[in-house]
Participant: 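There's a structure below that I have some questions on.
In what follows, chains carry the letters A, B, and so on, assigned in the order in which the sequence lines appear, proteins first and then strands, with residues in each chain numbered from 1.
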There are 2 protein chains.
Amino acid sequence: MTLSDSRLQDIAQQVATPFYAYDAQTLRTTFSALKAHMPDGADIYFSLKSNPNHAIIGTLAPMGAGAEVCSMPELHIAMKAGANPRRTIFVGPAKSEADITAAMDFGIKAIVAESAEELQIINRIARNRGIVQPVALRINPNFSSSKARIMMTGRASQFGIEEDDIDLTLALLDTCPSVVMVGLHVYLGSRVLDEAAIHENTANILALAERVVQKLGRPLAFVDVGGGFGVKYHANERDLDVDVLGPGLHALISDFRARNRRTRVVIELGRYLVARAGVFVTAVRYVKSSKGQDFAICDGGSNVNAAAAGYGSAFRKNVPMARIGTLNEGGDEVVYNVTGPLCTPSDTIAEKVRLPRLAPGDLLRFDRAGAYGPSHSPVHFLSFGHPAEILVDAEQTTLVRPADSIADLLAKQTRLVLSQGAEGVEDQPVGKALANA
Amino acid sequence: MTLSDSRLQDIAQQVATPFYAYDAQTLRTTFSALKAHMPDGADIYFSLKSNPNHAIIGTLAPMGAGAEVCSMPELHIAMKAGANPRRTIFVGPAKSEADITAAMDFGIKAIVAESAEELQIINRIARNRGIVQPVALRINPNFSSSKARIMMTGRASQFGIEEDDIDLTLALLDTCPSVVMVGLHVYLGSRVLDEAAIHENTANILALAERVVQKLGRPLAFVDVGGGFGVKYHANERDLDVDVLGPGLHALISDFRARNRRTRVVIELGRYLVARAGVFVTAVRYVKSSKGQDFAICDGGSNVNAAAAGYGSAFRKNVPMARIGTLNEGGDEVVYNVTGPLCTPSDTIAEKVRLPRLAPGDLLRFDRAGAYGPSHSPVHFLSFGHPAEILVDAEQTTLVRPADSIADLLAKQTRLVLSQGAEGVEDQPVGKALANA
């Protein structure tokens, strides 16, 4: 299902470590296994925030996946990689007028408005363009998900329109003739690993949608029920069982669709689709002992794989990882702290893990690393830059993002004079490049 | 001392928010105030990890600051910005052979070796080049700093050579004729805000250095006593008083130098020198209420200023921030949660702060933001990219790092076929650019 050690060793011959490798076949299999359970009228959208590499949406879009984007760059990536604008939605609490304009330029399915103010801005821009812009309302419902690791609703939040303000918002829409409400969006939370909780969350959202439709007096084109499906990372977790989850959702959505024939149901998924398709590979540079503990110091650490270091969590837990291959196999095992190249003790990406005895040059694989990898890491810490990304598709290996080079980095270190005092400063050409010192 | 609101408003007219602005005069003043207390033979080195923008080391180096680099990119930045290689040291637990070679190419003061194995690698490379390479030993002493927010010593660590292994290491050096030990490096920990603790730490390190010199039987060229001087970020903290700290260090170092006339003392500082020189500026895009709380949603959040979001800490605390200027001043104040453009509730950069009533377009300033800014943030989250960086030097305003553009981002999204199976895959040109879909 995932990438073999020997395949990763081959890649390490061609691309400097650290790197990320993504397996197209795993992506497709994960998508298809869930899609097979969905009834007609249910769509799966890929959330680019989980992995913005064009190769991921580029692999999923031809299978029918839509795209959920949350920024103008994500919108451009999705469009360039071949996502269907008619299956693309733009979410996010801080959209600028330029963002909204870009969404209109591409003719996407809907802009998901997160506030009354945003609706009015969209209306004004659409009116000036002489169009009627499809929008969906993101609702912050009064209910929440009890099983989400990160809860997003049922409390004060920057996201969406309050459930209690729906009537006001529908009245506002009546005064905005250049927008048309075509959908509803609710996102309860992330990393849910309980099938019953997902079922209940989805049921609650579909019931809310029916209440809104009743107020609206006409059908919606779609309801986005969010997603938040998790994957197992830690020893005390288990993966969702798609054969339990799928039939339950099928029944729920079919039932909804029987009453709402013109309304499609969108499930947006990031981590669930891409996490298992990715492997992070880093090479051991040094092995040492300190006060009774053994350390394996690697060329990539929390700077490129912050998730493994627990960055953003209160406490780190080990994620799945292993040594690659059988090099230097002496049969014995050692308990290691695996660390990166940074000058901080928090740069620990595996703590007290039992591994075959390591030597410099050994490769380590961190599995389930396809989501929230480099894009969620401080890749410029110590100026190492973004690591390479690879797509593996059957026999083909493609570099889908080169590592930043020192030349890339230095090219960004400009010295462009924007303004200077009226006098007392000698003339200096505007745009002068950084001279070699 | 720091940048005025009106100056930041001027910059915001020229550069899109969010951005960082650094004040050269504050950098110089902070450096000079400490340097004035230092006796002959004491040097201050700037740690590029705290801010790798060339403008920072480029401002400090002409004042006599050395450079502490921890990666090959940092080495290149420092050299290109005019740092003196004779005042540059290269620290870091995971140096590659290429890193060591680059350090030799530039002829820096010393490579700081963090293990016996690294010493042997340096010796081998130096022998092959026919040179004798100056090195310093980084020691993980048995003592620690009681007042550091991040403790680095006195416990198992990936950093440095164990104090108990010094004899073994000196014996190893006798077998490494292509390296010469010229210095000692000890780093106890970060963010110390207690003058007495810094005094005691420095005294402990200098005493350790004298023990090592006695074993070595000859003087060292330098002892790097680390640094770790903090700055006040939170309400319950206070800044170090340089007029208390300085004279104490002066006496300590003078005393050490009286017995070790040929040994210079290096203090390496990052955050202390640069934090107060930097301001992060973000613009309000939307203001909204949710369940009794008010939110100001900005165009830059934890993606570009992770420190303000408490990323990497167990719990976030508010850092110094304020609204810029007097626009929309109605006299009333509101308690806001200030959030960024991300789709996660953790994207909060100020929590329940009392501010003048905000409106879209208002600018917010986050002060003391010069250290561990974009380089310590997940700048590619939601693909927004690296923000612009500005150097203000008296009347002159210089763009010292442009924001990443969408074109920059898309240019990195390559589709370069590295290998494909021997058969069964149709020919495809290697290096094929990502086609417009």
Participant: Are a donor atom and an acceptor atom from the side chains of A:S290 and B:E162 found within less than 3.5 Å of each other?
Facilitator: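 Looking only at side-chain atoms, B:E162 and A:S290 do form a donor-acceptor pair, the distance falling under 3.5 Å.
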Participant: Can you measure from OG1 (B:T414) to NE2 (A:H54) and round to the nearest 0.5 angstrom?
Facilitator: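 It is 5.5 Å, given to the nearest 0.5 Å.
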Participant: Which answer fits A:I77, side chain, backbone, both or neither, if we ask what part of it has an atom under 4.5 Å from a heavy atom of chain B?
Facilitator: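 When you check distances to chain B, atoms from both the backbone and side chain of A:I77 fall under 4.5 Å.
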Participant: Against chain B, label A:D164 side chain, backbone, both or neither, depending on which of its atoms sit under 4.5 Å from a heavy atom there.
Facilitator: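 No part of A:D164 comes within 4.5 Å of chain B.
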Participant: With a 4.5 angstrom heavy-atom cut-off, is it the side chain or the backbone of A:L382 that approaches chain B, or both, or neither?
Facilitator: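 Both parts, backbone and side chain.
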Participant: Examine whether an atom of A:S289 lies under 4.5 Å from a heavy atom of chain B, and if so say whether it belongs to the side chain, the backbone or both; otherwise answer neither.
Facilitator: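 Contact with chain B: backbone only.
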Participant: Where on A:D10 is there a heavy atom nearer than 4.5 Å to chain B: the side chain, the backbone, both, or neither?
Facilitator: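 The answer is neither part of A:D10.
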Participant: Tell me, side chain or backbone of A:I390 under 4.5 Å from chain B's heavy atoms, or both, or neither?
Facilitator: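 The side chain, not the backbone.
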Participant: Using non-hydrogen atoms only, which part of A:V287 is less than 4.5 Å away from chain B: side chain, backbone, both, or neither?
Facilitator: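 For A:V287, the backbone is the part near chain B, not the side chain.
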Participant: Does B:R285 reach the side chain of A:D99, with side-chain heavy atoms less than 4.5 Å apart?
Facilitator: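 In contact.
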Participant: Going by heavy atoms in the side chains, are A:K80 and B:Q413 under 4.5 Å from each other?
Facilitator: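 No. Closest side-chain heavy atoms not under 4.5 Å.
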Participant: I'd like to know if the side chain of A:K288 and the backbone of B:E114 have a donor-acceptor N/O pair within less than 3.5 Å.
Facilitator: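 Present.
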Participant: Is chain B contacted by the side chain of A:S346, its backbone, both, or neither, given a heavy-atom distance below 4.5 Å?
Facilitator: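 Contact with chain B: none, neither part.
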Participant: At a 4.5 Å cut-off on heavy atoms, which part of A:Y187 comes close to chain B: side chain, backbone, both, or neither?
Facilitator: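 For A:Y187, no heavy atom lies under 4.5 Å from chain B.
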Participant: So what's closer than 4.5 Å to chain B heavy atoms on A:F381: side chain, backbone, both or neither?
Facilitator: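 The answer is both parts of A:F381.
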Participant: Quick check on A:I121 against chain B: is it the side chain, the backbone, both or neither that has a heavy atom closer than 4.5 Å?
Facilitator: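 Contact with chain B is through the side chain of A:I121 alone.
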Participant: Answer with yes or no whether the side chains of A:K291 and B:N140 bring together a donor and an acceptor at under 3.5 Å.
Facilitator: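 No - no donor-acceptor pair under 3.5 Å links their side chains.
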